[in-house]
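First comes the structure, then the notes that go with it.
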Amino acid sequence: MQAAWLLGALVVPQLLGFGHGARGAEREWEGGWGGAQEEEREREALMLKHLQEALGLPAGRGDENPAGTVEGKEDWEMEEDQGEEEEEEATPTPSSSPSPSPTPEDIVTYILGRLAGLDAGLHQLHVRLHALDTRVVELTQGLRQLRNAAGDTRDAVQALQEAQGRAEREHGRLEGCLKGLRLGHKCFLLSRDFETQAAAQARCTARGGSLAQPADRQQMEALTRYLRAALAPYNWPVWLGVHDRRAEGLYLFENGQRVSFFAWHRAPRPELGAQPSASPHPLSPDQPNGGTLENCVAQASDDGSWWDHDCQRRLYYVCEFPF
């Protein structure tokens with residue numbers, strides 16, 4: 001009970017002082033704040049009632065003290081008056097005078113301040129743009145250097161490829177003359193890889209030569225002996241560098257020169273006194289007989305005769321190299 005009395009002595013005067021301060025402000029602002037002060041008094045009474053119920057005090061406005069003695073009531077009223085005076089001193093009196101309107105000098109000062117801020121912001125942007133420009137220039141120079149280096153590397157790679165091609169051609173030429181048939185200022189080398197006529201010509205060119213182009217009867221007979229010895233006892237057709245792709249019946253070497261002699265295969269003739277046959281031999285007809293369908297020439301390895309074939313047929317081939 002003593003603790004409850006002490007708590008009431010400390011808290012209730014503050015609440016009452018708050019109420020008296022509010023009533024003091026009400027007297028100053030009663031012209032326009034009557035409704036607000038009425039709501040404030042109602043909240044004050046409700047808070048005091050709840051506090052008295054929580055402390056177990058008798059209901060009332062504060063006329064009775066918690067201890068039930070005259071001394072306690074006097075102390076309560078003295079503390080209440082002191083709290084009211086302190087609240088009146090602490091409560092500021094609002095000024096009813098309106099705020100002064102800005103002068104032209106104030107407006108100019110404000111505008112100048114905003115302009116100064118914008119100028120500072122623009123300066124910062126210029127500094128950053130300059131840094132970006134410097135970085136762009138550095139990156140551009142680096143990119144130019146990389147492009148120059150890439151160009152140099154490309155040139156070096158191209159030079160290496162050209163050197164490799166020259167080395168392969170020289171190697172092929174030496175191999176052709178060492179392993180093949182040397183005849184005058186040229187060498188012949190047989191390849192046992194099956195290729196079309198165009199692919200065979202490309203492979204011979206990559207090795208520094210071309211498909212065989214016998215220039216006369218002597219070279220033709222020497223090439224026949226070489227192929228017969230290399231492929232015996234079999235008979236294989238071997239690509240030569242002879243074709244009539246440009247015009248039917250116009251046979252040219254791969255270098256564009258016109259062929260001056262031919263060794264076409266001929267069907268066997270009937271024996272003396274025998275009746276000649278009107279139909280061609282079914283296995284060995286006279287050559288050339290393919291027309292526009294067979295435009296490339298191959299040489300038989302057994303007797304050296306020429307046959308026309310489809311250029312897409314895959315056959316052995318013989319390369320020719322200069323010596």
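Note that these values count all heavy atoms, side chains included, but never hydrogens, waters or copies made by symmetry.
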Do [X] and [Y] get their side chains close enough for a donor-acceptor pair, meaning under 3.5 Å?
X	Y	result
E294	Q287	no
R314	Q197	no
D106	T109	no

Is the shortest heavy-atom distance from the side chain of [X] to the side chain of [Y] under 4.5 Å?
X	Y	result
D310	N295	no
D193	Y317	yes
L240	V318	yes
L115	Y110	no
R192	L231	yes

With side chain to side chain contact (heavy atoms under 4.5 Å, CB included) as the criterion, how do D308 and N289 come out once you've worked through the C-alpha distance, each side chain's angles and the decisive distance to 0.1 Å? CA-CA 7 Å; D308 62 343; N289 68 339; 3.4 Å; yes
Is there a path from L315 to Y234 through hydrophobic residues (I, L, V, M, F, W, Y) whose side chains come within less than 4.5 Å of each other? no
For the hydrophobic clusters of this structure (ILVMFWY residues joined by side-chain heavy atoms under 4.5 Å, transitively), does one cluster hold both W264 and W239? no
Quick one, E170 with R166, criterion side chain to side chain contact (heavy atoms under 4.5 Å, CB included). Give me CA distance, side-chain angles, the key distance, then yes/no. CA-CA 6 Å; E170 184 64 19; R166 290 193 298 268; over 6 Å; no
Inter-residue atom distance [X].[atom1] - [Y].[atom2], 0.5 Å rounding:
X	Y	atom1	atom2	answer
L189	K179	CG	NZ	8.0 Å
L250	R245	CG	CZ	12.0 Å
E320	S210	CD	OG	5.0 Å
R258	R246	CZ	CZ	11.0 Å
F253	Q213	CZ	CD	6.5 Å
L223	S301	CG	OG	10.5 Å

Please list, one pair per line, the donor and acceptor atoms closer than 3.5 Å that link side chains of residues 142-160 to other protein atoms, with sequence neighbours excluded.
from	atom 1	to	atom 2	distance (Å)
N148	ND2	R144	O	3.2
T153	OG1	A149	O	2.8

Could you please spell out the steps behind the side chain to side chain contact (heavy atoms under 4.5 Å, CB included) verdict for T224 and Q299? CA-CA 8 Å; T224 299; Q299 178 177 336; 3.0 Å; yes
Provide the full list of disulfide (SG to SG under 2.5 Å) pairs with a residue in residues 195-236, sequence neighbours left out, each pair given once. C204-C319
Identify the heavy atoms of A300 and N235 that sit nearest to each other, and give their distance. CB-OD1, 3.7 Å
Please give me the minimum heavy-atom distance between G304 and M220, naming the atom from each residue. O-CE, 3.1 Å
Give a yes or no on this: more than 12 heavy atoms of other residues, nucleotides or ligands lie within 6.0 Å of atom [atom1] of [X].
X	atom1	result
F261	CZ	yes
Q218	CD	no
F194	CZ	yes

Does this structure show an ion pair linking R228 with D303, if we count only N-O contacts that are shorter than 4.0 Å? no
Salt-bridge contact E175-R207 (side-chain N to carboxylate O under 4.0 Å): yes
Which is it for Q201 and T205 under the side-chain hydrogen bond (donor to acceptor under 3.5 Å, both in side chains) test, yes or no, and what are the steps along the way? CA-CA 6 Å; Q201 171 63 19; T205 302; 3.2 Å; yes
Below 30° counts as parallel, above 60° as perpendicular, anything between as tilted: where do the rings of W307 and H265 land? parallel
